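Note sheet for the following structure.
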Amino acid sequence: MIYKTVTELVKLIQKKEVSSVEILDSLLKRIKDKNPQINAVVALDADRAMEMARKADELTMQGKKIGPLHGIPMTIKDAYEVKGLVSTGGDPNWKNNIPSKNAEAVQHLVNAGAIIFGKTNVPYHSADIQSYNEIYGVSNNPWDFERTPGGSSGGSAAAVAARLAPCATGTDTGGSVRQPAAFTGITGVKPTYGRISRRGMIAFASSL
């Protein structure tokens with residue numbers, strides 16, 4: 001199950017061949033087993049995510065869906081604020097920051113039916129080509145623990161490459177999605193500049 005693409009998982013959920021709860025449970029078990037060596041996922045919201053997964057499954061059984069990502073668990077780069085989940089931007093001054101609302105991009109994902117279950121590691125203010133900060137330490141490349149997954153979306157790239165999440169958000173100003181995708185052998189997408197809102201991005205908080 002963890003080796004399926006998002007598109008495949010969406011189809012399986014719609015056909016009722018797999019549940020959102022089953023997908024999330026498989027991912028959480030994978031994280032428990034593999035993440036200690038990789039350190040890609042740095043914060044979890046498992047209980048709330050599981051409740052959302054159950055609700056998604058109830059809707060599925062009723063023949064309903066929230067949106068195109070209905071029931072898909074995913075992680076968010078720790079450059080974005082997520083409601084009720086510690087959101088630091090890799091900055092020690094924000095290590096206890098618990099936002100009261102989602103970043104705009106995150107909210108769009110929630111509205112599309114995605115289930116946010118964790119945050120992935122970043123360098124300080126997403127401003128490096130590796131993924132280390134004083135709060136969570138360093139993220140390692142899942143293909144070689146002695147190498148970096150890149151940055152600044154290295155935690156997200158490592159999580160997807162290691163099958164800890166089927167997809168994850170990133171940010172890219174000067175290669176922060178493209179470089180980690182190349183380093184970990186996954187596909188990264190950089191949309192047209194300005195296409196996706198930066199509201200709720202911690203690294204750019206002072207400019208919003």
Side-chain angles (χ1 to χ4, degrees), residues 1-10 12-13 18-54 56 69 71-80 82 85-90 95 106 109 114-123 126 128-171 176-189:
M1 187 185 314
I2 61 171
Y3 294 98
K4 300 291 185 182
T5 66
V6 171
T7 300
E8 290 171 335
L9 290 174
V10 166
L12 290 172
I13 290 172
V18 69
S19 70
S20 180
V21 166
E22 289 172 329
I23 297 170
L24 178 58
D25 186 60
S26 294
L27 293 170
L28 292 173
K29 288 178 179 177
R30 178 81 171 175
I31 288 171
K32 184 177 180 180
D33 182 39
K34 301 296 183 181
N35 192 61
Q37 292 175 298
I38 301 168
N39 193 36
V41 179
V42 292
L44 284 172
D45 196 3
D47 291 342
R48 188 167 55 156
M50 191 60 74
E51 180 60 30
M52 295 301 296
R54 293 190 186 99
L69 293 176
I72 298 296
M74 66 175 294
T75 54
I76 300 294
K77 179 180 179 178
D78 198 26
Y80 286 104
V82 173
L85 183 58
V86 61
S87 303
T88 74
K95 65 181 180 180
V106 174
L109 291 167
I115 296 170
I116 311 304
F117 72 91
K119 300 294 286 294
T120 54
N121 206 23
V122 296
S126 299
D128 208 332
I129 57 173
Q130 51 78 52
S131 294
Y132 162 85
N133 63 68
E134 294 181 10
I135 306 170
Y136 298 120
V138 65
S139 292
N140 300 314
N141 194 309
W143 301 109
D144 183 344
F145 300 149
E146 297 300 315
R147 298 180 184 274
T148 181
S152 63
S153 304
S156 289
V160 173
R163 310 298 184 178
L164 308 181
C167 60
T169 59
T171 62
S176 289
V177 164
R178 292 163 285 172
Q179 185 219 53
F183 281 15
T184 58
I186 64 169
T187 298
V189 178

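On a predicted model such as this, the values are computed, not experimentally measured, just so you know. Excluded from the calculations below are hydrogen atoms, water molecules and symmetry mates; all remaining heavy atoms, backbone and side chain alike, are included.
The closest donor-acceptor contact from the side chain of Lys119 to the backbone of Asp45 lies at 3.5 Å or more, if one exists at all. With Asn121 contributing its side chain and Val138 its backbone, the two residues share no donor-acceptor pair below 3.5 Å. Judged by distance alone, the side chain of Asp128 and the main-chain N or O of Pro123 form no donor-acceptor pair under 3.5 Å. In terms of modelled atom types and a separation under 3.5 Å, the side chain of Ser87 and the main chain of Asp78 share no donor-acceptor contact.
Looking at every heavy atom in both residues, Pro166 comes nearest to Pro73 through CG-O, 3.1 Å. Ser20 and Ala53 get closest at one heavy-atom pair: OG-CB, 3.4 Å. Nearest heavy-atom pair, Cys167 versus Met74, reported as atom, atom and distance to 0.1 Å: O-CB, 3.4 Å. Across every non-hydrogen atom of Gly89 and Val122, the tightest pair is C-CG2, 3.7 Å.
The line from CD1 of Ile115 to CD1 of Ile72 is 8.0 Å long, rounded to the nearest 0.5 Å. Atoms OG1 and CZ, on Thr184 and Arg147 in that order, are 14.0 Å from each other to the nearest 0.5 Å. Put simply, OG1 on Thr88 and CG on Asn133 are 5.5 Å apart, with the number rounded to the nearest 0.5 Å. Here Tyr80 contributes atom OH and Ile116 contributes atom CD1; the two are 11.5 Å apart, rounded to the nearest 0.5 Å. The CD1 atom of Ile135 sits 10.0 Å away from atom OH of Tyr132, with the distance rounded to the nearest 0.5 Å. In this structure, CG in Asn141 is found 8.5 Å from CD1 in Ile38, a value given to the nearest 0.5 Å.
The residues Lys29 and Asp25 are annotated as salt-bridged, a charged nitrogen and a carboxylate oxygen being separated by less than 4.0 angstrom. Between Glu51 and Arg54 there is a salt bridge, with a side-chain nitrogen of the basic residue lying less than 4.0 Å from a carboxylate oxygen of the acidic one.
Within the 4.5 Å cutoff, no side-chain heavy atoms of Ser131 are placed close to those of Asn39. Residues Val177 and Val189 fail the side-chain proximity criterion, which asks for heavy atoms closer than 4.5 Å. In this structure, Met1 and Leu9 have side chains that are in contact, with non-hydrogen atoms separated by less than 4.5 Å. Taking 4.5 Å as the limit, some side-chain heavy atom of Ile13 sits within range of a side-chain heavy atom of Val18. For the pair Phe117/Ile31, a side-chain contact is recorded, criterion being any heavy-atom separation below 4.5 Å from C-beta on. Asn35 has its side chain within reach of Leu164: a pair of non-hydrogen atoms, C-beta onward, lies under 4.5 Å apart.
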Under 3.5 Å, side-chain donor or acceptor atoms of residues 153-162 against the rest of the protein: list the pairs with distances, not counting sequence neighbours.
residue: Ser153; atom: OG; partner: Lys77; partner atom: NZ; Å: 2.9
residue: Ser153; atom: OG; partner: Thr171; partner atom: N; Å: 3.1
residue: Ser153; atom: OG; partner: Thr171; partner atom: O; Å: 3.1
residue: Ser153; atom: OG; partner: Ser176; partner atom: O; Å: 2.9
residue: Ser156; atom: OG; partner: Thr120; partner atom: OG1; Å: 2.7
residue: Ser156; atom: OG; partner: Thr169; partner atom: O; Å: 2.6

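No more than 12 heavy atoms of other residues, nucleotides or ligands sit less than 6.0 Å from atom CD1 of Ile129. More than 12 heavy atoms of other residues, nucleotides or ligands sit less than 6.0 Å from atom CG of Asp144. The environment of CD in Glu8 is crowded: more than 12 heavy-atom neighbours from other residues, nucleotides or ligands sit within 6.0 Å.
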side-chain contact (heavy atoms from CB on, under 4.5 Å) for Arg48 and Leu85? Distances and angles first, verdict last. CA-CA 10 Å; Arg48 188 167 55 156; Leu85 183 58; 4.3 Å; yes

Is there a side-chain contact (heavy atoms from CB on, under 4.5 Å) between Lys95 and Val86 once you walk through the steps? CA-CA 7 Å; Lys95 65 181 180 180; Val86 61; 5.9 Å; no

